[in-house]
There are 2 protein chains.
Amino acid sequence: MATVPKTEQTTTPVPQRLLAAATRLFAEQGYDRTSVQEIVEAAGVTKGALYHYFGSKDDLLHEIYARVLRLQQERLDAHAEADEPVEKRLRDAAADVVVTTIANLDDAQIFFRSMHHLSPEKNKQVRAERRRYHERFRALVEEGQTAGVFSSATPADLVVDYHFGSVHHLSTWYRPAGPLTPQQVADHLADLLLRALRP
Amino acid sequence: MATVPKTEQTTTPVPQRLLAAATRLFAEQGYDRTSVQEIVEAAGVTKGALYHYFGSKDDLLHEIYARVLRLQQERLDAHAEADEPVEKRLRDAAADVVVTTIANLDDAQIFFRSMHHLSPEKNKQVRAERRRYHERFRALVEEGQTAGVFSSATPADLVVDYHFGSVHHLSTWYRPAGPLTPQQVADHLADLLLRALRP
DNA sequence: CGAGGCATACCGACTGGTTAGTCTGCGCCC
DNA sequence: GGGCGCAGACTAACCAGTCGGTATGCCTCG
């Protein structure tokens, strides 16, 4: 009894519902403050379902990280490989990560706030992927510096951390109801980066 | 029995020992992962002592926040009021907050990672003080923009968030064992800010 | 074509362990 | 002798993960 009525309208698959519920709750309350019970209730299932699809609560968090990392890396790669001058490639990449981050503010909040809740191995894995991302971005900055279109006054590593600091920070202050659209914020932040890099 | 031996060498007062232990442990493991039991053991006392001086675990966290906020606000005020051109005042303030943050990386880590663990009222209070700090800093940027020594291309608010993003981010990547001294990092980051603001 | 078996998907009570905060009491100092 | 500073056992609540059980569809073989 009490099974889902068999209309032909497809229901969202349970694993996705669980991930969506977990993402929202982790962002709102933090990982440790969110009980597995809350997640399954929000997703309309029970613990049995969650542990059928995921090995642990920690696993759920890891899935959220993997999704974000994959998305951002793909987008960065696309911009970095474009057939454009390096200034434009960097600007586009810098602006895009801002837009994408704002579009997934919950993910971003979790990302930067809950890394230390991952198990050591999963944490290491995430760090490694994160480093790849960082290095790809840094390569863009270095390319411009070598070509002389960017100032070399600041080490490329620091430039990258400077920019990602601001991205990281977005989930702290950006509110959709605010005066600026995501694209406007992205343009401004990319502009600040490029202005700082003027020779 | 087992009282501290009564040599005349003054022992650090218990409340300070508790705060120091809590700061270290919160930074290492996160607020929720640190039990009150761990804190009192690290401080060499028992729960009775902790709850004698602090109303709750949450209170302990709030004290840490208050300490950081007071320190940073004092230093910003000093720089902002100095008798110097606005470029120098902003640069000094921007560099100083970096140095101070690196000198108290544990505090910084807790600050940005654990705000949501504070009770709603305490959270509101901290946000209010934080806003005062932000506005003081913004006033410096605006002063320079009005005077024409800084570009007005970017709203001052965004400029401030851009810089504090990088400060916020420090606890993620800065390691004392790294190649750069705190002062060098501070100079670079302040430089990036000022370069971005060149008209 | 239909019966029987099997895997997948999920349920929900239960367990063992942990935790913040309380409370009674004790010793030392003024 | 009274109160401050603290000790440490205790409680009530909670929580991640387990496990035996059930329903449902598919596949196979007679």
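So you know, we letter chains A, B, ... as the sequences are listed, proteins then strands, and number each from 1.
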For this session: Send over the distance from Phe54(A) CZ to dA9(C) C1', rounded to a whole Å.
Result: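 Roughly 14 Å, once rounded to whole Å.
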Problem set entry | Gap between atoms NE2 and C1', on His52(A) and dG17(D) respectively (whole Å) |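 Between C1' of dG17(D) and NE2 of His52(A): 16 Å.
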Exercise. Can you pull the side chain to side chain donor-acceptor pair (under 3.5 Å) pairs that have at least one residue in residues 140-150 of chain A, sequence neighbours excluded?
Worked result: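 Only Arg89(A)-Glu143(A) qualify under side chain to side chain donor-acceptor pair (under 3.5 Å).
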Exercise. Got a sec, which residues hit side chain to side chain donor-acceptor pair (under 3.5 Å) with Glu41(A), two or more places apart in sequence or on another chain?
Worked result: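 In terms of side chain to side chain donor-acceptor pair (under 3.5 Å), with neighbours along the sequence ignored, Glu41(A) is linked to Gln37(A).
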Donor-acceptor pairs under 3.5 Å, side chain of residues 103-113 of chain B to any protein atom, not counting sequence neighbours: which ones?
| from | atom 1 | to | atom 2 | distance (Å) |
| --- | --- | --- | --- | --- |
| Asn104(B) | ND2 | Thr100(B) | O | 2.9 |
| Asp107(B) | OD1 | Arg67(B) | NH2 | 3.0 |
| Gln109(B) | NE2 | Ala27(B) | O | 3.4 |

Problem set entry | Pairing residues for Thr46(B) by the side-chain contact (heavy atoms from CB on, under 4.5 Å) criterion, not counting sequence neighbours |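 Applying side-chain contact (heavy atoms from CB on, under 4.5 Å) to Thr46(B) gives none.
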Distance-only donor-acceptor hits, side chain of residues 186-199 of chain B, under 3.5 Å, sequence neighbours excluded:
| from | atom 1 | to | atom 2 | distance (Å) |
| --- | --- | --- | --- | --- |
| Asp187(B) | OD1 | Gln183(B) | NE2 | 3.2 |
| Asp191(B) | OD1 | Arg91(B) | NH2 | 3.2 |
| Arg195(B) | NE | Ala196(A) | O | 3.0 |
| Arg195(B) | NH2 | Ser151(A) | OG | 2.9 |
| Arg195(B) | NH2 | Arg198(A) | O | 2.7 |
| Arg198(B) | NE | Arg195(B) | O | 3.1 |
| Arg198(B) | NH2 | Arg195(A) | O | 3.2 |
| Arg198(B) | NH2 | Arg198(A) | O | 3.2 |

Seminar exercise, completed: Protein-proximity profile, nucleotides 11-23 of chain C, B/S/- by nucleotide at the 4.0 Å heavy-atom cutoff, equals BB------SBBB-
